[in-house]
*Asks:* 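One structure is given below, represented as structure tokens, and several questions about it will come after.
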Amino acid sequence: MHADLVKLLDLQAKDIVMKEVEQRLNSLQAEAGVLDQALRRARDSLDLARRAAADGARRRDELESKIESYRVLQERRRQRLEHVRNPKEASALMAELDLARSVTAKEENDWVRSAEGVTQLEIKVSEEERKIQVIEEEQAPERGRLLQRRAELEAERAAALREREVSASQINRQLRTHYDRLRGSRSGEVVVPLVGGTCGACRTTIPLNRRSLIRSGAVLDHCETCGAILYPAETAGSPG
Ligand SMILES: [Zn+2]
């Protein structure tokens with residue numbers, strides 16, 4: 001086999017290890033994402049509950065100021081009534097007082113209902129806060145496990161990267177660049193075996209004379225169709 005092929009296959013083996021570690025890191029990330037999502041949903045519910053409680057409290061306070069302003073007006077009417085001498089004017093003022101009293105009574109009823117509503121909404125806020133607490137407590141062991149696993153995998157990735165760089169340093173720059181570019185653009189492997197006279201990646205037939213050259217180790221050749229670098233696999237029992 002061509003000397004560069006041996007080195008490329010070694011580098012590819014290291015890259016496969018790297019990729020595998022990265023896939024494990026990604027799935028770990030996805031697991032953490034599921035936990036985050038559950039927490040986010042709970043926080044969104046809490047936000048909604050808090051907003052509803054704040055809106056309710058504002059409406060209740062508005063009613064309160066309104067009732068207070070009615071009370072002030074009513075007090076003025078009462079004072080005026082004390083000084084009114086004209087009976088006709090007095091009875092008109094008394095009718096006004098009665099009407100205002102019933103309006104105020106209605107507003108006070110509304111205020112009671114509103115205040116009760118706010119109490120309920122505040123209970124809901126406490127419930128949502130408690131739910132988040134429960135979720136955080138439930139998730140804590142799992143998050144701990146994920147964090148530890150992540151640290152392990154990151155160390156594994158760093159080690160794999162170091163090994164990869166050692167292998168890569170054995171290959172001349174031009175070929176390495178070519179390999180890296182292929183690796184970036186392909187979903188499968190870069191260096192593939194000849195399988196039954198075809199490219200192991202895309203199954204395009206490789207002409208006999210080029211197959212012979214690849215087998216003899218005289219050249220580093222690639223598939224014209226998909227660009228994969230080809231190596232002879234007949235030693236592994238498969239006829240090239
Ligand atoms: Zn191919």
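For ligands, and for the atoms within them, numbers begin at 1 and follow the listed sequence. Numbering of residues begins at 1 and proceeds along the displayed sequence.
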*Asks:* Assess whether atom CD of Gln174 is packed by more than 12 heavy atoms of other residues, nucleotides or ligands within 6.0 Å.
*Replies:*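 Atom CD in Gln174 is not crowded, with 12 or fewer foreign heavy atoms closer than 6.0 Å.
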*Asks:* Starting from the C-alpha separation in whole Å, work towards a yes-or-no answer on side-chain contact (heavy atoms from CB on, under 4.5 Å) for Leu220 and Leu175.
*Replies:* CA-CA 10 Å; Leu220 199 63; Leu175 184 55; 3.6 Å; yes
*Asks:* Are Glu156 and Arg24 close enough for a salt bridge, meaning some N to O gap below 4.0 Å?
*Replies:* yes
*Asks:* side-chain contact (heavy atoms from CB on, under 4.5 Å) for Lys19 and Asp15? Distances and angles first, verdict last.
*Replies:* CA-CA 6 Å; Lys19 196 172 174 181; Asp15 275 337; over 6 Å; no
*Asks:* Less than 2.8 Å from the Zn ion (ligand 1) is the window; count the protein N, O or S atoms in it.
*Replies:* 4
*Asks:* Salt-bridged, Glu129 to Arg50, with N to O below 4.0 Å?
*Replies:*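 Counted as a salt bridge, because a side-chain N and a carboxylate O are separated by less than 4.0 Å.
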*Asks:* Looking only at side chains, do Arg40 and Gln37 share a donor and an acceptor under 3.5 Å apart?
*Replies:* no
